[in-house]
Amino acid sequence: MIKHVIQICMLALFITTGARAQRADMRVGELLNTGDWFTLEQEYPSLKDSVQTPMLRLMSEALLGYYFNRYDETAACVDSLLHHHQAELGLGNITSMLFVKAAVESRKGNYAAAADMLKDFASQLRTQGVEMDYAQIDMVARHYNLFRNCPNILVKRPNGDAVIPMTNDSIVLKIENDTVPRGTVIHVPVTIGGKEYRAIFDTGAGSTFMSASFAKKTGVRTVADSLLIQGSSQIYGQLGIIDSLTMGDITVRDIPVTINPDTTLSRIVDTDLIIGADIMTQLGEIQIFPHDGKIVVPAQFTPKPATGSNMYSDNFAPMIKGEYNGKTYGFFFDTGNGTAALSYMFYEKNKAEIDAKAKRVRRLTGGIGAVEERDMLQLPAWTFSFGSRDVTFRDICVTLENNKLVPYAGNIGMALVNRFDKVTVSFKDCFVLFE
């Protein structure tokens, strides 16, 4: 699995309703508490007018706006919550709402506003003598502050559809006698400083990423140190700026890039350069043709289907909706992962069935900072529905480690994409179509 993201924050929401709360309030509170954003997005329009508690309405709309790319809605709702409902919210929820508003500002490129908002909040609390753990607020504020002077990403594209050539290559590790199927990964040719290189096209990477040696070779400007990188472990790298990068018919300028000093992963797989979801989000929509050797960025975006959104984004991490046995699950959509894997969370919810079908295996796994063999369960087959399409995964593994930072059902990558001729990913309107 190849996954590189910057850890920004974890939301901690505590929603309660009184004993006399109406049914709609109880349902909305339940979905907020469980973080079931797909179900909340689906049910909220019919529940909205019945919700009796203004705070619940505002919080629902703030978070749905955050996850489903309606940022103006989020900002307005958070402001109203903080101005009119502080006593009801409590300090924990106030902090979470400020994290949400700061994240929205950062996605708009307003990193200074995001950093200052959190620094001012922490300063006020400290002045008032409030006893709490300030570590996360300080960490997130420092992270945004690193980007304070970064210019906004600029995209230059043709008037018509833009085409990016790609290859769908088998993953081969630098390990003798490795016979475990690793799936495939998308490579695209990119030009930096007049020279062409090969990059992984990775929806699961929260930022565009490169090794320290590649940054030096391409002359990438370093603008900050001590950038926290979350992979298989936490390490510190650098923040750089790619002045200009060309992919097919598209040129992208002023790209913030995560520079990784750790060489652990590079010793087993070639990962000098990764195009992340930060760039893809700027493109608005991508259409992957895994068997035709191309990625298309359309001039006219695909209309949102009548079924609504089946994807949301959390700090540039795309989560897609999957269904199993009548229940909805969120899956991390990661084209940097050549296969697919299920999480401990999914295992807990389906333990009896999985234990009856699975066998124990050892598999090589990891990412930035750590690559190691771990015990897993392997299922001969398991079928999910994605976008009304049933997909059966063969020999899919289930992790046995209870990682609370993985609140989703699994990591689904090219094992899903390769089942189709065309996969449309709309970062603008939050949906994925499989054709």
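This is a predicted model, so every value here is computed, not measured.
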In plain terms, say whether K101 and D79 are close enough for a salt bridge, that is, a side-chain N and a carboxylate O under 4.0 Å apart. yes
Please assess L377 against D355 for the test side chain to side chain contact (heavy atoms under 4.5 Å, CB included), listing each intermediate value before the final yes or no. CA-CA 8 Å; L377 296 178; D355 285 344; 3.9 Å; yes
Decide, yes or no, whether a salt bridge links R419 with D390 under the criterion of side-chain N to carboxylate O below 4.0 Å. no
NZ (K304) with more than 12 external heavy atoms under 6.0 Å: yes
Evaluate the side-chain proximity of D225 to Y236: yes if any heavy-atom separation is below 4.5 Å, no if none is. no
Could you check if a side-chain atom of F331 sits within less than 4.5 angstrom of a side-chain atom of L342, using non-hydrogen atoms only? yes
Stepwise side chain to side chain donor-acceptor pair (under 3.5 Å) check, T258 with S207: CA-CA 7 Å; T258 301; S207 69; 2.6 Å; yes
Check whether more than 12 heavy atoms from other residues, nucleotides or ligands sit under 6.0 Å from atom CD of Q300, and answer yes or no. no
With side chain to side chain contact (heavy atoms under 4.5 Å, CB included) as the test, would you mind laying out the steps for K119 and N145 before giving the verdict? CA-CA 10 Å; K119 286 195 294 184; N145 198 56; 3.9 Å; yes
When the ring planes of F434 and F333 are compared, do they come out parallel, tilted or perpendicular, using 30° and 60° as the limits? perpendicular
So if I apply the ring pair (Phe, Tyr, Trp, His ring centres under 6.0 Å) rule between Y67 and each of Y44, F316, Y312, which one comes out positive? Y312
The criterion is salt bridge (charged side-chain N to carboxylate O under 4.0 Å, His left out); which residues satisfy it with E61, sequence neighbours excluded? K48
Test ring pair (Phe, Tyr, Trp, His ring centres under 6.0 Å) applied to Y408 and W37, F38, F332, the passing residue: F332
Give the C-alpha distance, both sets of side-chain angles, the deciding distance and a yes or no for side chain to side chain contact (heavy atoms under 4.5 Å, CB included) between R360 and L400. CA-CA 10 Å; R360 187 174 289 262; L400 294 174; 3.3 Å; yes
Under 4.0 Å between a Lys/Arg side-chain N and an Asp/Glu carboxylate O for K108 and D72? yes
Taking the six-membered ring for Trp, are Y329 and F346 parallel (under 30°), tilted (30 to 60°) or perpendicular (over 60°)? perpendicular
Hey, does D202 have a side-chain heavy atom less than 4.5 Å from the side chain of T335? yes
Check the pair M166 / F201 against side chain to side chain contact (heavy atoms under 4.5 Å, CB included), numbers first and verdict last. CA-CA 9 Å; M166 60 158 275; F201 198 80; over 6 Å; no
Can you tell me if D278 and T208 form a side-chain donor-acceptor pair at under 3.5 Å? yes
K294 bridged to D161 by N-O distance under 4.0 Å: no
Taking the six-membered ring for Trp and the full ring for Phe, Tyr or His, determine whether the centres of Y344 and Y347 are under 6.0 Å apart. yes
Between D169 and R182, is the salt bridge (Lys or Arg N to Asp or Glu O under 4.0 Å) condition met? List the steps. CA-CA 10 Å; D169 302 316; R182 305 289 179 182; over 6 Å; no
If I take atom CG from residue N337 and atom OG1 from residue T184, how far apart are they, to the nearest 0.5 angstrom? 10.0 Å
